[in-house]
2 protein chains.
Amino acid sequence: MKSTIPDTGVPITPPAGNGGDRQENRHEASLHGEILLRLRDYVVEGNIPEGARVPERRLCEMLGISRTPLREALKVLAAEGLIELLPNRGARVRQLSQRDLEELFDVMAGLESLAGRLACEAITDAEITAIEQLHYEMYGHYLHRDMHGYFQTNQRIHESIVAAARNETLKIAYANFAGRIRRVRYSANFARKRQRWAEAMREHESILDALRRRAGSELSDILFQHLRNKRTAAIEHLTEPQEDAPASA
Amino acid sequence: MKSTIPDTGVPITPPAGNGGDRQENRHEASLHGEILLRLRDYVVEGNIPEGARVPERRLCEMLGISRTPLREALKVLAAEGLIELLPNRGARVRQLSQRDLEELFDVMAGLESLAGRLACEAITDAEITAIEQLHYEMYGHYLHRDMHGYFQTNQRIHESIVAAARNETLKIAYANFAGRIRRVRYSANFARKRQRWAEAMREHESILDALRRRAGSELSDILFQHLRNKRTAAIEHLTEPQEDAPASA
DNA sequence: AGGACAAAGAATGAATGCAAAATAGCCAAC
DNA sequence: GTTGGCTATTTTGCATTCATTCTTTGTCCT
């Protein structure tokens, strides 16, 4: 047995009240809602080791609250799939198997594919221009081999497409699944292969092209395939890590 | 104001422990998990009027438990989008606006579209045969004008496609959204127009055809359009109700 | 008579308390 | 030296209790 995380395993570093509303309706008011937001970010950011046992009591001390609202928040996070609640044995950060990741990527692919299709129905020229702008910005990052900037801009592009779909329900679901994956992305930033990178740029150009033509069904296909390729790269990277550079912390 | 549901408004009829596991991981063990399953079914089946205020205390009596596990279950249901929690003002069954319904239908369409695409990658001949079987069965219901049987079989077909996608994550998400919509379907069974019915049958034949050919991207398009048409019919029906017959218990 | 204010009652939100289960710690036996 | 069982401590699950907020009702003033 590797270790059942020592008592000092979980650093006592409160996530410090987040600034903006993430996805939930309007939970900010009540204490359990506040806790929910903070704990979600805390988990998503990878502050708790995978599968680590986290005593409620410790979390209570960390957050300065009693167990009741904390337990309520935990139940919600479990429903969201971020953690799992073993009966009588507390909460653990959910371990995503490779299969889980594949499934998640596919669902994300489906949602983005849908977003693209819907976006074509309602997107304005201005929005397309904005995405083009982001695209060029991203291209710049690509040329400068600025991985971080690239990923950031890439994410903004995909979020813009989702936003253009004009579907709040979709947006929330998308954010939820994205959070589950980000949990992993924090520990291992993947998809850093050069070859894949160039490929992704080309795919992004097709995306823009289809978007300009409002070719919904076509864009749907491209987006799905794009995410599928991302998935493959990610899984490969996780299977045999350390491909480019650690660059953690 | 119609009424703030009188004290006797919510019938004291416990949903009586459900038989099978619906979607949650394995919450059946703990009390709050049991409560969660029962309450979810209870709400989905439409036992509580839309927007009705449901005092926790009444639910506690009905379920024979204290407020703590009930409140935990309510938080989860709120996260799932079935109910909403107004701060300091209790839980209400979520009212779905027309826009909400449109959004939900589109997301369902996206998920089924994805399911079809994935199914083409892995579905076996046996599974296709089984779906064909269901299709013929449904055609029988169609010929006999058996609305209930038709819908039941129709649902099984769509579930079979989702199952064939071999993606548990997708399946769970699908079940979640289906539950939100079913909540509405119980109060108003829609899509009963003759014309639409025949159209749906034709679409189902295209679905089968694409599935046989494992034409993923094509099936994806057909399924999306199929659900889109369903959506239109549903919204129309809700806008001008009483089209066919009330048929409410 | 109608509306506004105030106080009582009720309901929600959070904390504490208590019982049951699980973990670990320890001693004895093999 | 290791393994098995027993006890003590910790931790979870749920109930109960306390504080705050909302709702309602009654009264007073215009």
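Residue numbers begin at 1 in each chain, while the letters A, B, ... track the order of the sequences. Note that these values count all heavy atoms, side chains included, but never hydrogens, waters or copies made by symmetry.
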query = Does A:R67 make a side-chain N or O approach to OP1 or OP2 of C:dT16 shorter than 4.0 Å?
reply = no
One thing to verify: whether A:R40 and A:E80 come together as a salt bridge, which I'm taking to mean a side-chain N less than 4.0 angstrom from a carboxylate O. yes
From CZ of B:R53 across to C1' of D:dT21 the rounded distance in Å is 11 Å
Subject >> salt_bridge(A:R89, A:E84) N-O dist < 4.0 Å >> reply: no
Checklist entry - Does B:E72 reach the main-chain N or O of B:H32 with its side chain, forming a donor-acceptor pair under 3.5 Å? => result no
With a distance cut-off below 6.0 Å to the six-membered ring centre and an angular limit of 45° from the axis, does B:R228 pair with B:F105 as a cation-pi contact?
no
With five pairs defining each end axis, the helix from C:dA1-D:dT30 to C:dC30-D:dG1 comes out bent, to 10°, by 10°
Rounded to whole Å, the CG-C1' distance (B:L63 to D:dA15) equals 15 Å
Judged by nearest nucleotide, the residue sitting upstream toward the 5' end of DNA chain C, A:E72 or A:R89, is A:E72
message: Does this structure show an ion pair linking A:R166 with B:E102, if we count only N-O contacts that are shorter than 4.0 Å?
response: no
Discussion item. Please tell me if B:R71 has a side-chain N or O lying less than 4.0 Å from either OP1 or OP2 of C:dT12.
Written reply: no
Side-chain donor-acceptor contact under 3.5 Å, B:Y174 with B:E159: no
From CD of B:E84 across to P of C:dT12 the rounded distance in Å is 15 Å
When rounded to whole Å, the CG to C1' distance for the pair B:L59 and C:dA11 reads 13 Å
For a quick test of reading the model: is some side-chain N or O of B:H32 closer than 4.0 Å to OP1 or OP2 of D:dC14?
yes
Rounded to whole Å, the CZ-P distance (A:R92 to C:dA22) equals 14 Å
A:N88 CG to C:dA19 P, in whole Å, measures 17 Å
To the nearest angstrom, the CG-C1' distance between A:L74 and D:dC14 comes to 16 Å
The answer to which of B:E56 and A:S66 contacts DNA chain C further toward the 5' end, by nearest nucleotide, is B:E56
Does a side chain donor of either B:T232 or B:N229 reach within less than 3.5 Å of an acceptor in the other side chain? no
Which of D:dA15, C:dA21, D:dT11 is nearest the side chain of B:I65? It is D:dA15
Taken to the nearest whole Å, CG/B:L70 to P/D:dG13 is 17 Å
